[in-house]
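All residue numbers refer to positions in the sequence shown, counting from 1.
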Amino acid sequence: MNVGDRHYRTIWLSDDGRSVEIIDQRWLPHDFRVEKVGTVAGIATAIRDMWVRGAPLIGVTSAYGVAMQMADDPSDAALDGVWEVLHETRPTAINLRWALDEMRGFLRPLPSEQRAQAAYRRAGEIADEDVGLNRAIGVNGLEIIKDIAARKQPGEPVNILTHCNAGWLATVDYGTATAPIYLATEAGIPVHVYVDETRPRNQGAQLTAWEMAGHGVPHTLVVDNAGGHLMQRGQIDMVIVGTDRTTADGDVCNKIGTYLKALAAADNDVPFYVALPSPTIDWTVGDGLAEIPIEQRSSDEVSLVWGKTANGEIAQVRISPETTPAANPAFDVTPARLVTGLITERGVAKASREGLKAMFPGR
Ligand SMILES: CSC[C@H]1O[C@H](OP(=O)(O)O)[C@H](O)[C@@H]1O
């Protein structure tokens with residue numbers, strides 16, 4: 001997407017042909033910093049510490065990590081080793097395992113001397129594929145927005161609530177949940193986005209709001225607990241969120257708090273859509289609640305918060321007593337029964353095994 005008058009992806013191969021450059025999302029919206037990462041250890045840190053985040057982007061970043069390992073040591077043992085090192089960085093987003101499996105399966109049959117070049121080529125393809133998948137999600141989701149817009153007064157915006165950041169910053173470009181929003185804006189369909197702040201890392205307040213402002217999308221930041229209230233008062237026409245792992249039965253694992261929005265949407269007859277590229281579907285899992293590992297992140301993310309001080313310094317401050325323990329489950333699972341539809345690159349699927357199999361026959 002454009003940052004000012006320059007187009008950016010979230011990750012790109014450096015001129016050295018070996019490192020990648022990434023937008024270090026920890027400092028947004030206050031500071032736009034690009035970091036160069038050229039080692040497997042650096043890639044692991046960037047994923048684990050959320051320099052880069054978002055299921056599809058985590059997957060692409062890990063693919064480049066595999067390529068860096070092949071440039072160092074293209075042996076089978078090294079290929080297995082980098083799979084293990086990167087797989088353990090974050091347990092919930094399935095795109096990480098999908099990308100690592102894709103790279104290992106692609107590289108394993110190749111002679112070791114061909115692996116490095118092939119790995120960088122395949123990682124670049126995965127990045128390009130992500131952009132195409134997300135744009136297709138945008139096209140399919142745009143139809144939903146158009147249908148809602150047709151039922152409103154001329155000029156009256158479609159009010160959309162989104163949770164966390166499933167924007168271009170969570171992918172290589174376009175985003176998943178935001179792709180239909182961007183295409184609607186480009187098509188001149190009036191939309192307004194309620195942006196959940198998304199405690200504790202505030203991906204909404206810090207990232208989605210920054211994206212919306214940068215793309216000229218009218219938006220309003222709200223606290224996480226306001227969504228149900230807005231839905232009760234008819235102020236939300238649809239909810240659209242991303243996902244880190246959706247099961248073959250249509251259960252949706254996404255940022256903590258998503259489930260509560262789905263409950264409020266169901267109680268107020270507000271359509272609740274999930275946007276996802278097919279690599280985010282875990283075909284090996286049916287019952288999301290029972291089978292998806294939920295990442296438990298540091299309690300400091302709950303007890304401390306980052307922001308910009310009056311003198312422009314980016315700093316962290318404590319918001320709870322030093323002695324107060326905090327729990328920090330990073331994701332929750334929304335049962336398929338609460339999901340109106342899954343917006344994929346192939347179309348909108350019902351959130352069920354039958355719906356997904358109809359959309360992806362042969363899976
Ligand atoms: C398009 S996937 C975005 C997904 O990833 C986010 O999690 P995190 O910021 O912890 O990587 C969140 O669950 C988003 O919905």
Side-chain angles (χ1 to χ4, degrees), residues 1-3 8-12 20 22-29 32 46-64 89-90 92-96 98-99 126-138 141 160-183 193 195-198 200-215 217 219 239-246 252-258 261 273-281 295 297 330-331 342-345:
M1 296 304 271
N2 289 338
V3 179
Y8 279 92
R9 285 184 169 187
T10 49
I11 186 170
W12 61 96
V20 289
I22 57 147
I23 298 172
D24 185 344
Q25 300 184 28
R26 295 175 297 168
W27 310 105
L28 290 173
F32 182 83
I47 294 172
R48 185 183 302 111
D49 295 350
M50 297 174 70
W51 303 15
V52 294
R53 28 71 48 204
L57 179 54
I58 288 171
V60 171
T61 305
S62 72
Y64 277 111
T89 52
R90 293 191 74 188
T92 302
I94 190 62
N95 308 62
L96 176 57
W98 175 86
I126 292 173
D128 291 343
E129 288 161 10
D130 180 65
V131 177
L133 292 171
N134 298 334
R135 180 157 179 67
I137 290 168
I160 301 169
L161 183 136
T162 192
H163 188 68
C164 197
N165 174 257
W168 73 271
L169 289 170
T171 68
V172 176
D173 206 343
Y174 275 109
T176 57
T178 58
I181 294 169
Y182 290 138
L183 293 193
V193 179
V195 176
D196 271 357
E197 63 176 345
T198 316
R201 291 279 304 221
N202 298 314
Q203 288 95 325
Q206 294 179 344
L207 305 178
T208 302
W210 183 76
E211 284 196 31
M212 295 293 107
H215 205 74
V217 179
H219 61 287
V239 178
I240 184 167
V241 298
T243 173
D244 295 83
R245 187 184 310 210
T246 290
V252 169
C253 183
N254 196 49
K255 183 55 55 201
I256 192 79
T258 303
K261 291 300 160 358
Y273 285 97
V274 178
L276 73 162
S278 48
T280 310
I281 301 169
E295 180 180 13
R297 292 190 63 87
F331 300 96
L342 299 169
I343 307 171
T344 76
E345 67 271 18

Side-chain contact test, heavy atoms from C-beta onward, threshold under 4.5 Å: evaluate it for [X] versus [Y] and give yes or no.
{"X": "Trp12", "Y": "Ile23", "answer": "yes"}
{"X": "Val52", "Y": "Ile47", "answer": "yes"}
{"X": "Pro279", "Y": "Leu133", "answer": "yes"}
{"X": "Ile160", "Y": "Tyr273", "answer": "no"}
{"X": "Trp168", "Y": "Asn2", "answer": "no"}
{"X": "Ile126", "Y": "Glu129", "answer": "yes"}
{"X": "Arg9", "Y": "Val131", "answer": "yes"}
{"X": "Leu28", "Y": "Gln206", "answer": "no"}

For the atom pair [atom1] ([X]) and [atom2] ([Y]), what is the distance rounded to the nearest 0.5 Å?
{"X": "Ile137", "Y": "Leu183", "atom1": "CD1", "atom2": "CG", "result": "11.0 Å"}
{"X": "Ile22", "Y": "Trp51", "atom1": "CD1", "atom2": "CH2", "result": "6.0 Å"}
{"X": "Leu169", "Y": "Gln203", "atom1": "CG", "atom2": "CD", "result": "11.0 Å"}
{"X": "Leu207", "Y": "Arg201", "atom1": "CG", "atom2": "CZ", "result": "9.0 Å"}
{"X": "Asp196", "Y": "Lys255", "atom1": "CG", "atom2": "NZ", "result": "13.0 Å"}
{"X": "Tyr182", "Y": "Arg135", "atom1": "OH", "atom2": "CZ", "result": "13.5 Å"}

Heavy-atom donor-acceptor pair, [X] side chain to [Y] backbone, under 3.5 Å:
{"X": "Thr344", "Y": "Pro277", "result": "no"}
{"X": "His163", "Y": "Ile256", "result": "yes"}
{"X": "Thr162", "Y": "Val195", "result": "no"}
{"X": "Thr10", "Y": "Thr171", "result": "yes"}
{"X": "Thr243", "Y": "Val252", "result": "no"}
{"X": "Asn134", "Y": "Thr176", "result": "no"}

(message) Between Asn254 and Val274, is the side-chain contact (heavy atoms from CB on, under 4.5 Å) condition met? List the steps.
(response) CA-CA 9 Å; Asn254 196 49; Val274 178; over 6 Å; no
(message) Tyr174: which residues meet the ring-ring contact (aromatic ring centres under 6.0 Å, His included) condition with it, sequence neighbours left out?
(response) none
Quick one: closest heavy-atom pair of [X] and [Y], and the distance?
{"X": "Ser62", "Y": "Ala99", "result": "OG-CB, 3.6 Å"}
{"X": "Arg48", "Y": "Arg90", "result": "CA-CG, 4.3 Å"}
{"X": "Ala177", "Y": "Pro180", "result": "O-CD, 3.4 Å"}

(message) What verdict does the side-chain contact (heavy atoms from CB on, under 4.5 Å) test give for Leu276 and Ile281, after you've listed the backbone C-alpha separation in whole Å, the side-chain angles of each residue and the deciding distance to 0.1 Å?
(response) CA-CA 8 Å; Leu276 73 162; Ile281 301 169; 3.6 Å; yes
(message) Checking side chain to side chain donor-acceptor pair (under 3.5 Å) between Thr208 and each of Thr198, Thr178, Asn165, which is the one that passes?
(response) Asn165
(request) Decide side chain to side chain donor-acceptor pair (under 3.5 Å) for Thr280 and Asn95; before the verdict, give the C-alpha distance in whole Å, the side-chain angles of both, and the deciding distance to 0.1 Å. (result) CA-CA 6 Å; Thr280 310; Asn95 308 62; 2.9 Å; yes
(request) Check side-chain hydrogen bond (donor to acceptor under 3.5 Å, both in side chains) between Gln25 and all other residues, then give those that pass, not counting sequence neighbours. (result) Arg53
(message) Applying side-chain hydrogen bond (donor to acceptor under 3.5 Å, both in side chains), can you list everything that pairs with Glu345, at least two apart in sequence or on another chain?
(response) Ser278
(request) Classify the angle between the aromatic ring planes of Phe32 and Tyr8 as parallel (below 30°), tilted (30 to 60°) or perpendicular (above 60°). (result) perpendicular
